[in-house]
Asks: 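Here it is, the structure in full.
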Amino acid sequence: MSTTQASKIEIIKAPNTKINEVDFENISFGSVFTDHLFECDFKDGEWQNPTIKPYAPFLMDPSSRVFHYGQTIFEGMKAYKDENDAIWLFRPDENIKRFNSSAVRMAMPEVPESLFTEGLNQLLKLDEAWIQKGLGNTLYIRPFMIATGFGVVANPSDEYKFMIILSPAKAYYSGEVKVLIAEHYSRAANGGIGAAKTGGNYAGQFYPTDLANKEGYQQIIWTDDATHTKLEEAGTMNVFFRINDTLLTAPTSERILDGITRKSLIDMAKREGIDIEVRPVLVNELIEGIKNGSLKEIFGAGTAAVISPIKGFAYKDEYFELPKVKDSIALQLKDKLTNIQHKLAEDTFGWTVKV
Ligand SMILES: *Cc1c(COP(=O)(O)O)cnc(C)c1O
């Protein structure tokens with residue numbers, strides 16, 4: 001789509017703002033939304049009528065394909081406000097690229113980069129007051145696409161809706177979590193949809209995660225579906241391990257989502273001179289590492305929490321607690337990354353983009 005089409009976004013302003021009802025200090029993640037949303041429909045083979053309008057429920061046909069066959073994709077990104085009230089995004093091009101590769105995998109139409117960017121930027125400018133300044137204050141951005149086509153027929157829809165909604169968020173800290181290493185259930189399989197950001201990958205995780213919760217573990221570390229010997233992701237985050245002073249993380253694959261936090265941490269670690277290996281990491285290495293004291297840290301990495309430290313893990317009915325470390329690489333990298341995102345440190349990577 002040409003930029004002329006994308007720039008013809010119709011804007012319908014909300015008659016009043018809900019912002020005064022919001023207690024920004026006590027928002028639980030993903031529960032409050034701003035005054036407006038961006039919407040664009042795919043019909044007759046093209047994206048039509050890009051609109052920004054008041055955030056509100058909308059009507060859908062009960063036979064819409066998304067309800068029956070799960071044709072849906074999403075992204076998760078954040079906007080930040082610096083000390084001079086400028087709005088910044090972190091590597092938005094990467095989110096747009098990934099959104100469109102998810103679209104291809106789910107047989108959905110791609111969203112032109114200009115339409116995505118224009119819609120997002122204009123929405124952010126309109127709801128700019130919802131982005132609070134200061135480290136830890138962010139506006140979580142949730143772009144998504146659903147199949148709106150009519151009929152319970154198991155083939156791809158010919159109509160879709162692309163939307164962007166915005167949710168103010170405090171630094172998301174889940175506490176130090178205990179995790180269970182998966183021995184039976186899988187998040188993804190070779191040839192499957194594990195690398196796409198699509199609802200089904202999450203729905204499939206809820207039941208095994210509930211079972212883990214009942215045993216006192218907050219998350220599952222997913223292993224490869226064929227052998228359950230390789231460590232792949234932690235819940236809905238990528239996962240890193242520190243053995244002595246080396247960081248380890250699995251290479252991305254059809255089973256592992258190509259996280260932007262993950263790849264940023266890899267680049268930062270390299271620049272900081274931290275030893276990092278991107279290679280399959282085995283469950284056995286963890287067990288050995290915990291027994292001989294070389295395993296120092298495990299942490300999840302993703303946009304919502306940035307870095308989420310893990311304090312211990314269970315495997316085959318045995319629980320192993322990680323040692324307390326004083327020089328946490330996880331926390332060191334988290335500080336550096338959040339400072340770059342909030343424009344409190346120089347962005348020598350060129351990752352931040354002004355809206
Ligand atoms: C979104 C997501 C991640 C993290 O990706 P980021 O780009 O860092 O937010 C990791 N794993 C899964 C399964 C995800 O859905």
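Sequence positions, counted from 1, serve as the residue numbers for this chain. All heavy atoms count here, side chains included; hydrogens, waters and symmetry mates do not. If you're wondering where the values come from, they're calculated on a predicted model, not measured in any experiment.
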Asks: For the side chain of Lys125 and the backbone of Ile87, is there at least one donor-acceptor N/O pair under 3.5 Å apart?
Replies: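 No; judged by distance alone, with no hydrogens or angles, the pair does not exist.
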Asks: When clusters are formed by joining ILVMFWY residues with side-chain heavy atoms under 4.5 Å apart, either directly or through shared neighbours, do Trp130 and Tyr55 land in the same one?
Replies: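 Each belongs to a different hydrophobic cluster.
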Asks: Is there a chain of hydrophobic side chains (I, L, V, M, F, W, Y, each step under 4.5 Å between heavy atoms) that links Trp47 to Ile164?
Replies: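 Per the 4.5 Å side-chain linkage, Trp47 and Ile164 are co-clustered.
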Asks: Is Lys13 atom NZ crowded by more than 12 heavy atoms from other residues, nucleotides or ligands, each under 6.0 Å away?
Replies: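 Not more than 12 within 6.0 Å, no.
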Asks: Kindly compute the distance separating OG1 (Thr72) from CZ (Arg65), expressed to the nearest 0.5 Å.
Replies: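 If we round to the nearest 0.5 Å, Thr72:OG1 and Arg65:CZ are 15.0 Å apart.
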Asks: If only atom types and distance count, is the side chain of Asp35 paired as donor or acceptor with the main-chain N or O of Pro54 below 3.5 Å?
Replies: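 A pair under 3.5 Å: no.
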Asks: Can you check side chain to side chain contact (heavy atoms under 4.5 Å, CB included) on Glu159 and Asp41, steps first, answer last?
Replies: CA-CA 7 Å; Glu159 295 187 359; Asp41 288 317; over 6 Å; no
Asks: Just checking Lys43: does its NZ atom have more than 12 heavy atoms from other residues, nucleotides or ligands closer to it than 6.0 angstrom?
Replies: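 No, because the 6.0 Å sphere around NZ of Lys43 holds 12 heavy atoms or fewer from other groups.
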Asks: To the nearest 0.5 Å, what is the distance between CG on Leu124 and CH2 on Trp88?
Replies: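 Between atom CG of Leu124 and atom CH2 of Trp88 there are 14.0 Å.
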Asks: So, Glu232 side chain and Ile256 main chain: donor-acceptor pair closer than 3.5 Å or not?
Replies: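 Flag not set: sc Glu232 to bb Ile256 has no pair under 3.5 Å.
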Asks: Is there side-chain contact between Lys296 and Leu322, with heavy atoms separated by less than 4.5 Å?
Replies: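 Not touching, per the 4.5 Å side-chain cut-off.
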Asks: Show the numbers, then the answer: is there a salt bridge (Lys or Arg N to Asp or Glu O under 4.0 Å) between Arg187 and Glu233?
Replies: CA-CA 9 Å; Arg187 193 195 80 86; Glu233 295 211 55; 3.1 Å; yes
Asks: Any chance you could measure Thr34, atom OG1, to Leu123, atom CG, to the nearest 0.5 Å?
Replies: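 Result: 6.0 Å between the selected atoms.
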Asks: Look at the side chain of Asp245 and the backbone N and O of Asp275, then say whether any donor-acceptor pair between them is shorter than 3.5 Å.
Replies: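 No.
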Asks: Any donor-acceptor pair under 3.5 Å linking the side chain of Glu113 with the backbone of Ile96?
Replies: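 The answer is no, because no donor-acceptor pair under 3.5 Å joins these two groups.
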Asks: Sort out for me which residue in Thr138, Leu139, Asn137 forms a side-chain contact (heavy atoms from CB on, under 4.5 Å) with Ile131.
Replies: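 Testing Ile131 for a side-chain contact (heavy atoms from CB on, under 4.5 Å) against Thr138, Leu139, Asn137 leaves exactly one candidate, Leu139.
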Asks: To the nearest 0.5 Å, tell me how far Asp347 CG sits from Thr352 OG1.
Replies: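 Between atom CG of Asp347 and atom OG1 of Thr352 there are 3.5 Å.
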Asks: Does the Ser167 side chain pair with the main chain of Val32, one donor and one acceptor, at a distance under 3.5 Å?
Replies: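 Here the side-chain-to-backbone pair exists.
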Asks: With distance as the sole criterion, is a donor-acceptor pair present between the side chains of Asp61 and Ser63 under 3.5 Å?
Replies: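 Present: a donor and an acceptor within the cut-off.
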Asks: If you define the side chain from C-beta out and look only at heavy atoms, does anything of Lys336 sit under 4.5 Å from Glu272?
Replies: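 SC-SC contact between Lys336 and Glu272 confirmed.
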Asks: Answer yes or no: is there a side-chain heavy-atom contact under 4.5 Å between Thr303 and Lys78?
Replies: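 With C-beta onward as the side chain, the pair touches.
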Asks: Show the numbers, then the answer: is there a salt bridge (Lys or Arg N to Asp or Glu O under 4.0 Å) between Glu94 and Lys97?
Replies: CA-CA 5 Å; Glu94 293 285 340; Lys97 225 171 30 182; 3.7 Å; yes
Asks: Set out, in order, the CA-CA distance, both residues' side-chain angles and the distance that settles salt bridge (Lys or Arg N to Asp or Glu O under 4.0 Å) for Arg242 and Asp327, then state yes or no.
Replies: CA-CA 12 Å; Arg242 173 183 169 194; Asp327 58 337; 3.2 Å; yes
Asks: Might you confirm whether atom CD of Glu321 has over 12 heavy atoms from other residues, nucleotides or ligands at distances under 6.0 Å?
Replies: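 Result for CD/Glu321: enclosed.
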Asks: Begin from the C-alpha positions of Met106 and Ile193 and carry the test side chain to side chain contact (heavy atoms under 4.5 Å, CB included) through to its verdict.
Replies: CA-CA 8 Å; Met106 302 308 288; Ile193 55 174; 3.9 Å; yes
Asks: Would you say Leu166 ends up clustered with Val355 if hydrophobic residues are merged whenever their side chains have heavy atoms under 4.5 Å apart, either directly or through other cluster members?
Replies: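 Looking at the clustering, Leu166 is in the same group as Val355.
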Asks: Is the shortest side-chain N to carboxylate O distance from Lys291 to Glu288 below 4.0 Å?
Replies: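 Here Lys291 does not pair with Glu288 in a salt bridge, since their nearest N and O are not under 4.0 Å apart.
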Asks: Is a salt bridge present between Lys197 and Glu75, judged by a nitrogen-to-oxygen distance below 4.0 Å?
Replies: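 The answer is no: the pair does not qualify as a salt bridge.
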Asks: Keeping the roles fixed (side chain from Ser64, backbone from Val66), state whether a donor-acceptor pair exists under 3.5 Å.
Replies: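 Side chain of Ser64 to backbone of Val66: no pair is present.
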Asks: Does Leu37 share a hydrophobic cluster with Leu115, counting links as ILVMFWY side-chain heavy atoms below 4.5 Å and allowing steps through other members?
Replies: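 No; Leu115 is not reachable from Leu37 via cluster members.
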Asks: Using a 6.0 Å distance limit plus a 45 degree cone around the ring axis, check whether Lys161 lies over the aromatic ring of Phe58.
Replies: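 Yes, Lys161 and Phe58 form such a contact.
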Asks: Do Ser186 and Asp225 have a side chain donor and acceptor closer than 3.5 Å?
Replies: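 There is no such pair between these side chains.
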Asks: Between Glu39 and Met163, is there a donor-acceptor pair closer than 3.5 Å when you use the side chain of the first and the backbone of the second?
Replies: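 No.
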Asks: Could you state whether Trp222 and Leu257 fall into the same hydrophobic cluster, counting links through intermediate Ile, Leu, Val, Met, Phe, Trp or Tyr residues with side-chain heavy atoms under 4.5 angstrom apart?
Replies: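 The answer is no; the residues belong to distinct hydrophobic clusters.
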Asks: Could you label the plane-to-plane angle of the Phe116 and Phe162 rings as parallel, tilted or perpendicular, counting under 30° as parallel and over 60° as perpendicular?
Replies: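 Phe116 vs Phe162 ring planes: tilted.
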Asks: Is the shortest side-chain heavy-atom distance between Phe240 and Ile329 below 4.5 Å?
Replies: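 The answer is no, as the side chains (C-beta and beyond) never meet within the 4.5 Å cut-off.
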Asks: How about Leu180 and Leu211: do any of their side-chain heavy atoms sit closer than 4.5 Å?
Replies: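 Contact flag for Leu180/Leu211 side chains = no.
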Asks: Lys81 and Gln132: which non-hydrogen atoms are nearest, and at how many Å?
Replies: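 Minimum heavy-atom contact is CB-O, 4.2 Å.
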Asks: Is it true that the side chains of Glu277 and Thr246 contain a donor and an acceptor less than 3.5 Å apart?
Replies: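 Absent: no donor and acceptor within the cut-off.
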Asks: Any sub-3.5 Å donor-acceptor pair from Ser101's side-chain atoms to Arg98's backbone N or O?
Replies: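 Looks like yes, one N/O pair under 3.5 Å.
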Asks: Can you find a pair of side-chain heavy atoms, one from Lys334 and one from Phe299, that are under 4.5 Å apart?
Replies: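 No, too far: nothing below the 4.5 Å cut-off.
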Asks: Apply the ring pair (Phe, Tyr, Trp, His ring centres under 6.0 Å) test between Phe90 and each candidate in Tyr80, Phe349, Tyr140, Trp351; give the one that qualifies.
Replies: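 The passing option is Trp351.
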Asks: Within the structure provided, determine whether Leu247 and Thr249 are in side-chain contact (heavy-atom separation under 4.5 Å).
Replies: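 Side-chain contact under 4.5 Å: no.
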Asks: Verify side chain to side chain contact (heavy atoms under 4.5 Å, CB included) between Ile19 and Phe24, making sure each step is shown before the conclusion.
Replies: CA-CA 9 Å; Ile19 200 166; Phe24 279 90; 3.8 Å; yes
Asks: Are Ile146 and Met60 side-chain neighbours, meaning at least one heavy-atom pair lies under 4.5 Å?
Replies: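 Yes - at least one pair of side-chain heavy atoms lies under 4.5 Å apart.
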Asks: Step by step, would you call Asn49 with Thr51 a side-chain hydrogen bond (donor to acceptor under 3.5 Å, both in side chains)?
Replies: CA-CA 6 Å; Asn49 306 326; Thr51 310; over 6 Å; no
Asks: Counting only heavy atoms not in Asp317, do more than 12 sit closer than 6.0 Å to its CG atom?
Replies: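 No.
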Asks: How far does CG of Leu135 sit from CG of Asn339, to the nearest 0.5 angstrom?
Replies: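 Those atoms lie 5.5 Å apart.
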Asks: Checking Arg271 against Thr348 for the side-chain hydrogen bond (donor to acceptor under 3.5 Å, both in side chains) test, could you report, in this order, the C-alpha distance in whole Å, the side-chain angles of both residues, the deciding distance, and whether it holds?
Replies: CA-CA 10 Å; Arg271 184 152 318 171; Thr348 51; 2.8 Å; yes
Asks: Are any side-chain N or O atoms of Asn190 and backbone N or O atoms of Arg255, one a donor and one an acceptor, separated by less than 3.5 Å?
Replies: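 Not confirmed, Asn190 side chain does not pair with Arg255 backbone.
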Asks: Can you tell me how far CZ of Phe74 sits from OH of Tyr202, rounded to the nearest 0.5 angstrom?
Replies: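 Nearest 0.5 Å value for the OH-CZ distance: 4.0 Å.
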Asks: Are Thr252 and Arg262 linked by a side-chain donor-acceptor pair shorter than 3.5 Å?
Replies: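 Distance-only check fails for Thr252 and Arg262.
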Asks: Taking it one step at a time, do Thr229 and Thr223 satisfy side chain to side chain contact (heavy atoms under 4.5 Å, CB included)?
Replies: CA-CA 6 Å; Thr229 57; Thr223 48; over 6 Å; no
